[in-house]
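Because only heavy atoms are used, hydrogens play no part in the values below, and waters and symmetry mates are left out as well, while side chains stay in.
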Amino acid sequence: MRTTDLAELAAFDAVARHRSFRKASEERGVTASAISHAVANLEARIGIRLLNRTTRSVSLTDAGAMLLADLSPAFNSIGSALDALNQYRETPFGKVRINAPNSIAPFVLGPIIGTLVERNPKLVLEVIATDRLVDIVQEGFDAGIRLGESLHEGMTAVRINRRLRFTVVGSPAYFARRPMPTTPDDLKQHVCIRNMFATGAHYPWWFNRDGSDVEFEPTGPIALHDHELMIEAALAGVALAYVWEDRARPYIASGRLVNCLEAWIAPENWLYIYYPTRKHISAGLRAVIDALRGSAGI
């Protein structure tokens with residue numbers, strides 16, 4: 001098989017998995033036009049249309065779906081074989097793509113990036129931070145970071161960090177106008193930001209006391225997805241926010257925010273880095289895992 005044949009098949013595989021020429025080009029590190037040209041050459045050479053293209057979408061033909069099903073195991077085996085060779089390298093080498101929730105990435109990955117890159121100069125680290133729950137295999141990631149309850153099946157998971165925790169915060173100016181709540185039920189008398197997922201769905205504020213869960217559904221006029229915006233709204237004195245404690249800690253320490261209901265908030269599940277279960281992982285991914293485990297003192 002010619003080198004160009006493999007390149008064309010790899011281009012098709014990327015487009016078929018992502019259903020996007022742009023995302024395929026980002027994964028492959030080439031232009032979208034180069035990906036389009038490679039797929040067009042493949043289709044012309046075999047005389048079969050593999051993709052249906054419109055200005056808005058890309059879908060697989062029946063022939064394309066059959067080819068993808070046969071190609072995916074082969075490319076996975078090739079990737080695993082190449083990853084296995086990394087055990088013979090003295091230092092990690094190559095690109096590692098990590099997906100992590102945007103709301104926690106800064107204080108989970110932020111502390112390790114500098115040291116990780118400094119110690120491994122041949123490592124290329126790419127981090128995509130989004131609170132959208134993604135399929136890391138489908139979207140070309142080497143690993144993802146999630147709370148334990150949202151781990152995918154068929155994945156190897158390694159605990160990497162201390163347990164995270166939410167906190168309820170408001171500004172001193174806000175509490176100058178309203179009494180500080182002492183129980184979750186008191187929140188009914190307060191203006192509380194509604195928390196949203198990236199999908200637009202809302203999630204409640206969770207509390208726990210003596211092993212019993214308490215759920216509070218805010219009904220305030222503000223609904224936000226980004227924790228930084230929640231903190232900004234709390235700093236402005238317009239509402240209380242339910243945010244990751246690590247996000248709010250600098251503002252609490254400086255006195256710009258005040259936290260409350262601490263006795264009612266239990267730690268969340270552990271954080272894990274997870275990756276497809278396979279025989280070998282790359283030395284680069286291993287370096288990332290070791291750095292994350294080290295940051296937690298595990």
(request) Assess the pair F216 and F207: is the distance between their ring centroids shorter than 6.0 Å? (result) no
(message) Around atom CZ of R28, are there more than 12 heavy atoms from other residues, nucleotides or ligands closer than 6.0 Å?
(response) no
(message) According to a hydrophobic-cluster definition based on side-chain heavy atoms being under 4.5 Å apart (Ile, Leu, Val, Met, Phe, Trp, Tyr only), do F141 and V124 belong together?
(response) no
(request) Going by the side-chain contact (heavy atoms from CB on, under 4.5 Å) test, name the single residue among Y272, Y275, Y274 that passes it with V158. (result) Y275
(message) How about CG on D62, more than 12 heavy atoms from neighbouring residues, nucleotides or ligands closer than 6.0 Å, or not?
(response) no
(request) Output the distance between atom CD (E139) and atom CD1 (I128), rounded to the nearest 0.5 Å. (result) 10.0 Å
(message) Are the side chains of V191 and V238 in contact, using a 4.5 Å heavy-atom criterion?
(response) no
(message) Please check: side-chain N/O of Y174 versus main-chain N/O of V258, any donor-acceptor pairing under 3.5 Å?
(response) no
(message) Salt bridge check, K23 against E27: does any charged N sit closer than 4.0 Å to a carboxylate O?
(response) no
(request) Would you give the length of the straight line joining atom NE2 of H202 to atom OG1 of T219, rounded to the nearest 0.5 angstrom? (result) 11.0 Å
(request) State, yes or no, whether a side-chain contact exists between I265 and E245 at a heavy-atom distance under 4.5 Å. (result) no
(message) Tell me if a side-chain donor or acceptor on T61 pairs with a main-chain N or O of R49 at a distance below 3.5 Å.
(response) yes
(message) Can you tell me if K95 has over 12 outside heavy atoms packed within less than 6.0 Å of its NZ?
(response) yes
(request) Give a yes or no on whether the backbone of L235 and the side-chain of R256 come within a donor-acceptor separation of less than 3.5 Å. (result) no
(request) Measure the CD1-CD distance between I113 and E118 for me, rounded to the nearest 0.5 Å. (result) 13.5 Å
(message) Donor-acceptor check, side chain of S25 to backbone of T31, threshold 3.5 angstrom: yes or no?
(response) no
(message) Tell me if a side-chain donor or acceptor on Y242 pairs with a main-chain N or O of W206 at a distance below 3.5 Å.
(response) yes
(request) Check salt bridge (charged side-chain N to carboxylate O under 4.0 Å, His left out) between R194 and all other residues, then give those that pass, not counting sequence neighbours. (result) none
(request) Establish whether I46 and V15 are linked, either directly or via other cluster members, by ILVMFWY side-chain heavy-atom contacts under 4.5 Å. (result) yes
(message) Within the 4.5 Å heavy-atom criterion, are L109 and I145 side-chain neighbours or not?
(response) yes
(request) For residues P276 and I136, determine if any side-chain heavy atom of one lies less than 4.5 Å from a side-chain heavy atom of the other. (result) yes
(request) Answer with yes or no whether the hydrophobic clustering places V39 together with M66; edges join I, L, V, M, F, W, Y residues whose side-chain heavy atoms lie under 4.5 Å apart. (result) no
(message) I'd like to know if the side chain of E43 and the backbone of L51 have a donor-acceptor N/O pair within less than 3.5 Å.
(response) yes
(request) To the nearest 0.5 angstrom, please state how far the CG atom of L240 sits from the CD1 atom of I193. (result) 8.0 Å
(message) Looking at M180, is its backbone amide N or carbonyl O close enough to the side chain of H190 to form a donor-acceptor pair, meaning the two atoms are under 3.5 Å apart?
(response) no
(request) For W205 and N195, test the side chains for any donor-to-acceptor distance below 3.5 angstrom and give the result as yes or no. (result) yes
(request) Let me know which of D142, T156, V108, I289 forms a side-chain contact (heavy atoms from CB on, under 4.5 Å) with I273. (result) I289
(message) Whether the side chain of D186 engages the backbone of T183 through a donor-acceptor N/O pair (distance < 3.5 Å, no angle test) should be reported.
(response) yes
